Enquirer: 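Here you go, one structure.
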4 protein chains.
Amino acid sequence: MNATEKWLEEWLEEWLEQEHKAGKMTEKQRRILMAATEIFAEKGYAAASTSEIAQKAGVAEGTIFRHYKTKKDLLLSIIAPAMAKLFGPLFLRDFAKMLDQPYETYEEFLKALFYNRYEYARDNLSIVKIIIQEVPFHPELREKVKAVAEDMIISRFRRIIDNYKEKGMLDSNLPTPAIIRFMISNMVGLVASMLVIMPEKDWDVEKELETTIQMMMRGLAGKG
Amino acid sequence: MNATEKWLEEWLEEWLEQEHKAGKMTEKQRRILMAATEIFAEKGYAAASTSEIAQKAGVAEGTIFRHYKTKKDLLLSIIAPAMAKLFGPLFLRDFAKMLDQPYETYEEFLKALFYNRYEYARDNLSIVKIIIQEVPFHPELREKVKAVAEDMIISRFRRIIDNYKEKGMLDSNLPTPAIIRFMISNMVGLVASMLVIMPEKDWDVEKELETTIQMMMRGLAGKG
Amino acid sequence: MNATEKWLEEWLEEWLEQEHKAGKMTEKQRRILMAATEIFAEKGYAAASTSEIAQKAGVAEGTIFRHYKTKKDLLLSIIAPAMAKLFGPLFLRDFAKMLDQPYETYEEFLKALFYNRYEYARDNLSIVKIIIQEVPFHPELREKVKAVAEDMIISRFRRIIDNYKEKGMLDSNLPTPAIIRFMISNMVGLVASMLVIMPEKDWDVEKELETTIQMMMRGLAGKG
Amino acid sequence: MNATEKWLEEWLEEWLEQEHKAGKMTEKQRRILMAATEIFAEKGYAAASTSEIAQKAGVAEGTIFRHYKTKKDLLLSIIAPAMAKLFGPLFLRDFAKMLDQPYETYEEFLKALFYNRYEYARDNLSIVKIIIQEVPFHPELREKVKAVAEDMIISRFRRIIDNYKEKGMLDSNLPTPAIIRFMISNMVGLVASMLVIMPEKDWDVEKELETTIQMMMRGLAGKG
DNA sequence: AATGAATGAGGCTTCATTCAT
DNA sequence: AATGAATGAAGCCTCATTCAT
């Protein structure tokens, strides 16, 4: 087991721990976590003040520090389990199923993946924003994320993609890393458009998704 | 002239003013601007301290405030002209040429556009990072950027894209907004990969660009 | 109820609130208020530094700002209730009694009034100094004080003075405003002499007061 | 010659020096002095900034310090000659004349004195405000003023007043210091009313003065 | 467990003053 | 003589964190 896998395990642990604690979590603790999530997402970690979080959570300033040793601890308590939920599925049974369960086509696979991640982002918008905004500023996080992403995602997706290449569903001449980037770019671009950039627009998710996948699969070129 | 165009003009003005001032700018002022740019990019606006900036610039802390009334002023002095350089070209003669000068194919157009913006991002990496990180947190900026982007970019690109659709070079069945998003997603994804996510990798820019454009134009589908 | 009366009520409210809080006031808070009062009186608001106040009060500088949002807030927390105590009595039951309870002569009335305000000034010397020194520099205060003074004091005293004029105890040929100014000038002059200008002198308050009132009532003219 | 007289001489010297310099004073210097006077009067010495003064005077920040070593120096350059003009006349030929030139009555003397000082205050309102506001906060000034006032004024006025007492124009039973205070209180009260407290009122100076002097001489008592 | 008063380090900003031009 | 960029000390205020209750 390499370092990357160790971190993932850490996150998963924290995730499970969090899940576990969620049961015994005080009402106050839950409120602190929610308030912090909202405020971090809204103004960024550095510009958020613990006193504001306390106020929004309806607890005393000191209470936060009874549960989280430092402000950074509070941030990590939000990010770590979210990381696990974000990356974790790629390594768990559910996802393994996605891999084994032979989606007839790459398109179906893409659609399932997009939709799955879209739903996660939609339901955890604040947390996703925090991750995107804060990861670049906290070296420990940055390193972990980078390692996990580079190391694991590439390797897992490579298998999937090579699988479809073999089946003749993907153009074998295209370099796998480029395909992965292509996939992620469009996934992120689509989800960001719908949830962050123009959230007020009345999106037909299904249709957008299909159009996007069509462009990905068949390209823009006219038949002219 | 609508509000959006007014902002653009504002930025352009500030840009020119900045250009103009650049001549008379004190050595110290230049150093302050550079130091601030680096530190804002590295730790974010909120977490950057003016004393650190002063130290890095090799000036007294007070000197910063002789040139920039507020810390925020300093941020805007970095962002505003960059905005102009980022969005401005889309509306100036150079870009008009890009539109008129009939790129034979959409692919050539894409390539020119990608390369042009890639070079800008490469040469102004810190500033681009600052813009991406700070715009979401500063409502005035956010509103302006959103308006400019939604309003202008869409309208300009629509003309270009419709143009190519008419020529039969783009699939007329695809909705123009989706094409624009597709284009931007892949452009941002590619540039971010090369400059931010894996800057240490030894990229063959030309080749990546071509692969990406190929995927965009012809899609991933195998010939199977 | 006009604006002036509203301010007075505001002050009275703050006064009562202060009284009320005085019970729950932390020892530290009391010390901050005392230290601030002394230092403001000694060097003036603008020249007083919060760090000096903190030091004199024996608390951390931050502690001041936990109780008073701003330095100005601290000033107002000293001035507002004092204003109420300074002007308020003129409108309350006690003072109403002074009006109704028929002092046999204007001289007795003057004596009671002088003595009453002298005692207040003596016991609140620092605060009175602050009021005199700071009111001119803070427009909000200046306006309020001016309105209250012009509007209310004049009107109340007019009744009293006209009352004594009718009884033949005051020269009806003298304009009431001049009488009021005459009264206040001499009251302020006497009190200032004893408490501010020559506080080290061993004053026989009773005697000075009587001499002053004698001069006011019968004038300086010799019998020659 | 005692210490008090030495200070007076100092001021007079500075006054004369100033008069003298006034001729060679640069336009800029004059503008600095005027700007400083206005701003000190308006916001107080401590709250006034040299840069604001420079701006109002239309000179560079550094220029002030070419003429006045420190900000305090600038204050003293305004106050010292004004002190001389304020107290000086009491000791000069002009004033000696006032003493010798036998005003028929004390009332005439009072009227001349009041009017003379009223005119001075009216024409130098800002400076008088500065003196009143700043003297209490600057120990050197405070000591000087106090010494001069206590020491000299008392002694000079004593002669005048005793003079009138002997002539039977003033009640010999009244203590001279009380008479002096009475005189000053009413003079200050009247002038302050007209110039500072209610400057917008349309005063009939002559009449107010006469009413005041009448009250001082014959008192308020009705003939009843 | 919870509170909230207290802390003091550090942040942004102002300002009197200096000095090279 | 005049300028105005530069300085750095000091000012006001915020904030994460601690601790007695």
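FYI, side chains are in, hydrogens and waters are out, and symmetry mates aren't considered; it's all heavy atoms of this structure. Numbered from 1 within each chain, the chains take letters A, B, ... in sequence-line order. Please read all numbers here as calculations on a predicted model, not as lab measurements.
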Enquirer: What nucleic acid atoms does A:Thr63 come within less than 4.0 Å of, heavy atoms only: base, sugar-phosphate, or nothing?
Expert: base
Enquirer: Of all the choices, E:dG11, E:dT17, F:dG11, which nucleotide is nearest to the side chain of B:Ser51 once you look at every atom?
Expert: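 Within the option list, the nearest is E:dG11.
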Enquirer: From the list E:dC12, F:dT17, E:dT3, which nucleotide is the closest neighbour of the side chain of A:Glu61?
Expert: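 So the nucleotide nearest the side chain must be F:dT17.
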Enquirer: Side chains of B:Lys72 and B:His138 only: does a donor on one sit below 3.5 Å from an acceptor on the other?
Expert: yes
Enquirer: Over all strands shown, is B:Ser49 touching base, sugar-phosphate only, or nothing at heavy-atom distances under 4.0 angstrom?
Expert: sugar-phosphate
Enquirer: Starting at CD of D:Gln55 and ending at P of E:dT14, how long is that distance when rounded to a whole Å?
Expert: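 Result: 14 Å.
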Enquirer: Taking only side-chain nitrogens and oxygens of C:Lys28, does any of them come within less than 4.0 Å of OP1 or OP2 of E:dT7?
Expert: yes
Enquirer: D:Ala47 near the nucleic acid: base, sugar-phosphate alone, or nothing, with a heavy-atom cut-off under 4.0 Å?
Expert: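 The residue D:Ala47 makes no contact with any strand.
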Enquirer: Just how far, in rounded Å, is C1' of F:dT17 from NZ of A:Lys71?
Expert: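 So the two atoms are 12 Å apart, to the nearest Å.
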Enquirer: In whole angstrom, what separates D:Leu75's CG from E:dT17's P?
Expert: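 It works out to 12 Å between those atoms.
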Enquirer: How long is the line joining NZ of C:Lys69 and C1' of F:dT14, in whole Å?
Expert: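 My rounded result for the distance is 13 Å.
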Enquirer: Quick one: do the C:Ser126 and C:Glu38 side chains pair a donor with an acceptor below 3.5 Å?
Expert: no
Enquirer: Looking at C:Lys56 and C:Glu52, is there a salt bridge between them, counting it only when a charged N and a carboxylate O are closer than 4.0 Å?
Expert: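 Answer for the salt bridge query: no.
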Enquirer: Counting side-chain heavy atoms from CB outward, which of F:dG4, E:dT18, E:dT13 is closest to B:Phe65?
Expert: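 Looking only at side-chain atoms, B:Phe65 lies closest to E:dT13.
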Enquirer: Select base, sugar-phosphate, or nothing to describe what D:Ala54 touches, counting heavy atoms under 4.0 Å on all strands.
Expert: nothing
Enquirer: Does the structure place the NZ or CZ of A:Lys43 under 6.0 Å from the centre of the six-membered ring of B:Phe137, at an angle of no more than 45° from the ring's axis?
Expert: no
Enquirer: With the side chain of D:Arg66 defined as its heavy atoms from C-beta on, choose the nearest nucleotide among F:dA1, E:dG8, F:dG11.
Expert: F:dA1
Enquirer: What's the closest nucleotide to the side chain of A:Thr70 if the choices are F:dT17, E:dT7, F:dA6?
Expert: F:dT17
Enquirer: Output the single nucleotide from E:dT17, E:dT7, F:dT17 whose closest atom is nearest the side chain of D:Thr50.
Expert: E:dT17
Enquirer: Watson-Crick or G-U wobble partner for F:dT18, using a 3.5 Å limit on both distances?
Expert: E:dA5
Enquirer: Across the strands shown, which category fits C:Ala46 at heavy-atom distances under 4.0 angstrom: base, sugar-phosphate, nothing?
Expert: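 It contacts nothing in the nucleic acid.
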